[in-house]
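Since the structure comes first, as structure tokens, the remarks are kept for the end.
Here is the naming used below: chain letters follow the sequence lines, and residue numbers restart at 1 for every chain.
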Amino acid sequence: MFPNAFRYEAPATLDEAIRLIAEHAYDAKVLAGGQSLLPMMKLRIAAPAVLIDLGGIGELKGWRETEEGLRIGALARHADLERAAALYGRYPLLSRTARWIADPLVRNRGTIGGSLAHADPASDWGTAMIALHAEVEAAGPEGSRRIPIDDFFVDTFVTSLEEGELVVAVHVPAPSGPVAARYMKLERKAGDFAIAGLAVHIVTDGDGRVAEAGIGICACGPVPLRAAKAEAALVGRPLTNDTIAEASRLVPEDADPADDLRGSSDYKRDLLRVFALRALREIAEELEGRASIA
Amino acid sequence: MKIAVKVNGRLYESDVEPRTLLAYYLRETLNLTGTHIGCDTTSCGACTVLLDGEAVKSCTVLAVQANGREVMTVEGLEQNGQLHPVQKAFWEAHALQCGYCTPGMLMASYALLQDNPAPTEAEIREALSGNICRCTGYVNIVKAVQLAARELSGEGQEALQEVEAHGASSN
Ligand SMILES: Cc1cc2nc3c(=O)[nH]c(=O)nc-3n(C[C@H](O)[C@H](O)[C@H](O)COP(=O)(O)OP(=O)(O)OC[C@H]3O[C@@H](n4cnc5c(N)ncnc54)[C@H](O)[C@@H]3O)c2cc1C
Ligand code: FES
Ligand code: FES
């Protein structure tokens with residue numbers, strides 16, 4: 001099927017894009033990688049009168065390290081982050097998450113900014129950004145602001161972006177010490193959205209204790225969720241069989257999965273527990289010498 | 001809207017409606033009907049082409065987004081009546097039945113072998129995970145990619161570079 005007819009705009013700068021969005025307001029939609037928007041337009045679930053293609057805006061592309069961490073441009077594609085070998089050491093969750101998103105062909109087009117703005121409860125980036133305690137940088141006619149990721153997702157397909165605001169970047173804080181991460185996901189078939197998924201990001205201090213813990217839950221509620229209880233149970237303690245088992249038991253307590261054709265809510269809760277156990281064990285082994293698994 | 005797109009090495013200038021999807025532009029405006037359309041949901045990969053050298057689903061790219069860029073379609077594989085080694089390998093390994101998915105499979109395989117001349121079976125399966133075949137299964141397709149990789153590793157590598165440098169000249 002064809003999308004509806006629309007007016008096509010291809011601004012070359014962010015300022016021009018913001019002006020166009022303000023001018024067309026609700027009639028307009030922005031286009032990033034198009035991997036969610038164009039299928040919706042083909043099915044006529046979305047029918048914008050004006051389509052504003054961000055693809056030509058250089059300032060939204062790529063990433064750079066800043067004093068506080070990493071600033072990832074909204075147009076960084078899933079495949080860019082998957083292959084960014086320079087980021088594997090300090091930001092391992094990025095490539096570990098990217099390789100789970102859709103399939104390689106979709107990853108060659110889809111962007112991190114588009115994925116966050118789309119706000120699917122099964123968004124793998126949303127889940128990873130929760131684990132990383134990221135902030136979304138938004139820009140609009142009033143200027144730019146930072147939105148902590150926990151305040152960004154409001155409901156399924158709804159974000160706290162104001163009308164006329166765009167995602168321009170995501171900020172990931174730099175880890176304060178040795179870091180390891182895992183992304184775990186169960187899919188019905190290759191390249192599918194998660195039945196349930198889990199992002200785990202752990203930073204340890206010099207004594208092998210957990211300095212930072214981030215755990216994001218995918219597809220188990222209206223938005224990507226934070227396993228806050230499990231995080232709190234880990235911080236300040238070493239990764240041992242006991243702390244790992246306790247944290248894993250706590251992860252499902254912050255989840256709110258639905259019974260559906262993909263599985264019962266009990267099944268999904270148990271998946272999260274098993275994923276947490278596996279992820280934390282693997283992370284502890286990876287950090288071995290710095291963390292003890294006894 | 002006026003667009004200029006290089007397809008299989010040849011420059012085309014056309015006036016398209018912004019809503020035209022690249023897959024339809026290739027099929028209906030340029031008559032390159034090798035690119036197939038099998039779904040509305042970006043799931044099947046029958047429409048896979050290379051956009052500036054990267055495999056993408058052309059049913060989910062607007063033709064206007066290809067303005068100023070290069071596209072390679074399945075028609076760009078064959079050179080002067082000679083099948084590309086990837087095409088030959090699909091033939092030899094009997095990697096198709098109805099052939100509907102084949103153009104997409106060929107393009108995704110070609111893109112893989114450009115990046116990774118000696119992929120493992122797992123890497124082949126991952127690279128083709130966005131391409132669905134409803135009849136032949138994946139065993140022979142994987143074998144065909146392995147065969148093509150072997151063919152291309154020797155003098156076949158030169159043939160691949162030849163295609164990259166010149167694209168198709170048949171139109
Ligand atoms: C077959 C298939 C399988 C998929 N599987 C997965 C999966 O397993 N996991 C997963 O997480 N995702 C999956 N996706 C979605 C995919 O990751 C998309 O790439 C992504 O969700 C949307 O990003 P995009 O850049 O393509 O955005 P687009 O489709 O261009 O835009 C999506 C929405 O966000 C808005 N938008 C885009 N950029 C911005 C911005 N900078 N600021 C404000 N609003 C913006 C658009 O207006 C639109 O409403 C899948 C998609 C397909 C087609
Ligand atoms: S037609 Fe493009 S993915 Fe199915
Ligand atoms: S050969 Fe028929 S769909 Fe693949």
Side-chain angles (χ1 to χ4, degrees), chain A residues 1-10 12 28-57 75 77-80 82-83 98-111 114 187-193, chain B residues 1-3 16-25 28 37 39-69 104-105 107-112 115-116 119 122-133 138:
Chain A
M1 265 213 321
F2 307 109
N4 63 294
F6 52 80
R7 192 169 125 197
Y8 176 76
E9 298 279 1
K29 274 243 165 235
V30 297
L31 176 68
Q35 302 300 290
S36 292
L37 183 55
L38 291 176
M40 290 202 309
M41 287 172 64
K42 287 200 274 179
L43 298 169
R44 303 288 173 109
I45 296 167
V50 182
L51 197 62
I52 301 167
D53 184 356
L54 304 180
I57 305 179
L75 285 183
R77 299 170 312 161
H78 312 325
D80 297 332
E82 181 183 4
R83 296 182 203 133
R99 69 180 76 143
W100 278 106
I101 302 173
D103 56 62
L105 317 179
V106 170
R107 294 204 287 276
N108 278 338
R109 301 285 303 162
T111 68
E187 358 174 68
R188 226 169 19 157
K189 59 174 170 56
D192 206 351
F193 287 95
Chain B
M1 194 184 145
K2 292 248 184 311
I3 59 168
V16 296
E17 242 199 289
R19 64 169 161 169
T20 310
L21 299 163
L22 181 58
Y24 290 89
Y25 171 68
E28 291 172 11
I37 295 167
C39 71
D40 266 325
T41 49
T42 320
S43 317
C44 75
C47 63
T48 304
V49 302
L50 269 56
L51 182 61
D52 283 345
E54 288 187 326
V56 302
K57 294 179 174 178
S58 66
C59 71
T60 309
V61 177
L62 298 170
V64 292
Q65 291 179 289
N67 187 19
R69 305 179 68 175
M105 291 287 178
M107 297 317 285
S109 304
Y110 175 86
L112 166 70
D115 287 349
N116 181 354
E123 286 167 340
I124 295 170
R125 288 182 179 274
E126 163 65 19
L128 296 179
S129 61
N131 295 74
I132 293 174
C133 177
Y138 301 92

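A pairwise comparison of heavy atoms in A:L105 and B:A108 identifies CD2-CB, 4.5 Å as the closest pair.
A 4.5 Å side-chain heavy-atom check between B:Q65 and A:D53 finds at least one atom pair inside the cut-off. Side-chain contact between B:E126 and A:P104: present, with at least one pair of heavy atoms (C-beta onward) separated by less than 4.5 Å. Here the side chains of B:V16 and A:Y8 are not in contact, with every heavy-atom distance at 4.5 Å or above.
A distance of 12.0 Å separates CG in B:D40 from CG in A:L38, rounded to the nearest 0.5 Å. With rounding to the nearest 0.5 angstrom, the CG atom of A:N108 is 9.5 Å from the CG atom of B:L51. A distance of 5.5 Å separates CG of B:L21 from NZ of A:K42, quoted to the nearest 0.5 Å. Atom CD of A:Q35 sits about 6.0 Å away from atom OG1 of B:T42, to the nearest 0.5 Å.
Ranking B:L62, B:T48, B:T41 against chain A, the residue ahead of the rest is B:L62, based on heavy-atom pairs under 4.5 Å. Comparing B:K57, B:E17, B:R125 by heavy-atom pairs within less than 4.5 Å of chain A, the highest count is held by B:K57.
With hydrogens and angles ignored, the 3.5 Å screen pairs no side-chain donor or acceptor of B:R19 with any backbone N or O of A:N4.
Proximity to chain B is absent for every atom of A:D192, based on heavy atoms less than 4.5 angstrom apart. For A:L51, the part sitting under 4.5 Å from any heavy atom of chain B is the side chain, from C-beta outward, and nothing else. Neither the backbone nor the side chain of B:N67 has a heavy atom closer than 4.5 Å to any heavy atom of chain A. In this structure, chain A has a heavy atom under 4.5 Å from the backbone of B:A127, while its side chain stays farther away. Only the side chain of A:R107 comes within contact range of chain B, with heavy atoms under 4.5 Å apart.
With a 6.0 Å radius and a threshold of 12 heavy atoms from other residues, nucleotides or ligands, A:K189 has its NZ atom above the threshold.
By the 4.0 Å N-to-carboxylate-O rule, A:R83 lies close enough to B:E54 to be salt-bridged with it.
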